[in-house]
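Bear in mind the structure is a predicted one, so any value in this text is a computation, not a measurement. Just so you know, ligand 1 is whichever comes first in the structure, and atom 1 is the first atom listed for that ligand. Both backbone and side-chain heavy atoms feed into the values below; hydrogens, waters and symmetry mates do not.
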Amino acid sequence: MKLDITTHMNSFLDSKVVEKYQKRKNEVYQQLDQAYMNGWLHPDLSYVDDIIRVRDKVLKHSQCLVVVGIGGSFLGCCAFYEMFTPYFKNNHFPIIFAGTTLSSRYMKELLEYLETVDFSLNVISKSGTTMETSLTYSAIKRVMEKKYSKEELKDHIIITTDPVKGTLREEINCEGYESFEIPDNIGGRYSLLTAAHLFPLSFCIDINELIEGYQEGIQKREDAYSYAAVRRSLFDQGKVVENFISYENNWYYYLEWLKQLFGETEGKEGKGILPISMIHTRDLHSLGQFIQEGNKIVFETFFKIRHMSDCVIDGKDLHQMNRVVEDSVITAHVSGGVPCITIELDEVTPKTIGEVSSFYFLVAAFSGFLFDIDPFNQPGVEVYKKEVKTRLKDI
Ligand code: PA5
């Protein structure tokens, strides 16, 4: 991957501001190295063989896998699944992602569908207490209890949770279900290289490629810090929104993953850069107008891809055309007062996306420290949960 934080930026950045943040580099590196929740820097991968063992078992007896979870603990699975399964061919093992909604229509249709298929269930929750996840798990488990014996359930339910505590861990101990751990020192949104993500992803990609890329990206401290320092400087200069942009439709969930990572990492104590995303060229016909001529609060990060599938239309290479449009948009946006950062990949593979992902963990953590907040908690999420708890007593 090639990060470019200069070509389309220099005229926007005040070098004194950037320097102020560059000077904090050693202090920030130290903060990260001393943080308790930094297990994602050196993830333990001793469970990978076990992932393959359980996956192979599931493949033998199930037509699909239902993955139940919400937020950082599972969004990366959706992102990689979307990116690495074909748009139209049905030649892959299907994964259904559930647990992100309380929509009764969705739940009813899901449960009715699950009655008709042989499936396995992977519930992912570090705390084991997340409302949406718990509710969806218990509804699906009821369907499973009608279809499978107690003994069969041991082969069909896989729980990924805290190594020692929580209701899900108690259930594993009591029922003997297959299980994986999310280590204590890795939070949900930093859990890409834990079983929370690697187990479901083992059904659709070669997870060793992802691991290889991740390990390369995590070495890129210098680049990640420069990116963090630049975005922090842009914030001081009034650019308080970062727009992540892809020219590929199947990056929708990857951009959601990035928004989740930065939203929960930085948005605290009245601080933080608001992450938004656009898929081009679709969104050039909606938010594009705002970016070009609206309030100048936005800077952008474009994901550029060198090589894509061959497709020639009317004598023109479509990917080349897509890239020309991308470069034209960058020029237009820069002329409209929007600083643009680019990250260029040779191609989209589990390895290159693994590399970008761990690189972004570093950028997010460094950015959090540069805002003087804790990058690893999300106390604000508790506020709505408390309110819900009080009101749910009445229904
Ligand atoms: O990134 C995070 O830490 C959060 O988004 C959590 O992943 C999310 O709230 C789900 O939590 P849990 O895994 O405890 O169910």
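- The residue from Phe199, Phe203, Phe97 that alone fulfils the side chain to side chain contact (heavy atoms under 4.5 Å, CB included) condition with Val67 is Phe97.
- Sorted by chain and number, the residues within 4.0 Å of ligand 1 by heavy atom are Ile70, Gly71, Gly72, Ser73, Ser125, Lys126, Ser127, Thr130, Gly188, Arg189, Gln260, Glu264, Gln378.
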Determine all donor-acceptor pairs shorter than 3.5 Å in which one atom belongs to a side chain in residues 345-354; sequence neighbours excluded.
{"residue": "Asp346", "atom": "OD1", "partner": "Arg306", "partner atom": "NE", "Å": "3.4"}
{"residue": "Thr349", "atom": "OG1", "partner": "Lys351", "partner atom": "N", "Å": "3.3"}
{"residue": "Thr349", "atom": "OG1", "partner": "Thr352", "partner atom": "N", "Å": "3.0"}
{"residue": "Thr349", "atom": "OG1", "partner": "Thr352", "partner atom": "OG1", "Å": "3.4"}
{"residue": "Lys351", "atom": "NZ", "partner": "Glu212", "partner atom": "OE2", "Å": "3.4"}
{"residue": "Lys351", "atom": "NZ", "partner": "Glu216", "partner atom": "OE2", "Å": "3.4"}
{"residue": "Thr352", "atom": "OG1", "partner": "Glu347", "partner atom": "O", "Å": "2.8"}
{"residue": "Thr352", "atom": "OG1", "partner": "Thr349", "partner atom": "N", "Å": "2.9"}
{"residue": "Thr352", "atom": "OG1", "partner": "Thr349", "partner atom": "O", "Å": "3.1"}

Test Thr265 against Phe376 for side-chain contact (heavy atoms from CB on, under 4.5 Å), laying out the working first.
CA-CA 6 Å; Thr265 294; Phe376 305 120; over 6 Å; no

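- Residues Leu65 and Tyr177 are members of separate hydrophobic clusters, defined by side-chain heavy-atom contacts under 4.5 angstrom among Ile, Leu, Val, Met, Phe, Trp and Tyr.
- A ring-centre distance under 6.0 Å is found for Tyr227 and Tyr360.
- Inspection of the Arg231 and Ser367 side chains reveals an N or O donor paired with an N or O acceptor under 3.5 Å.
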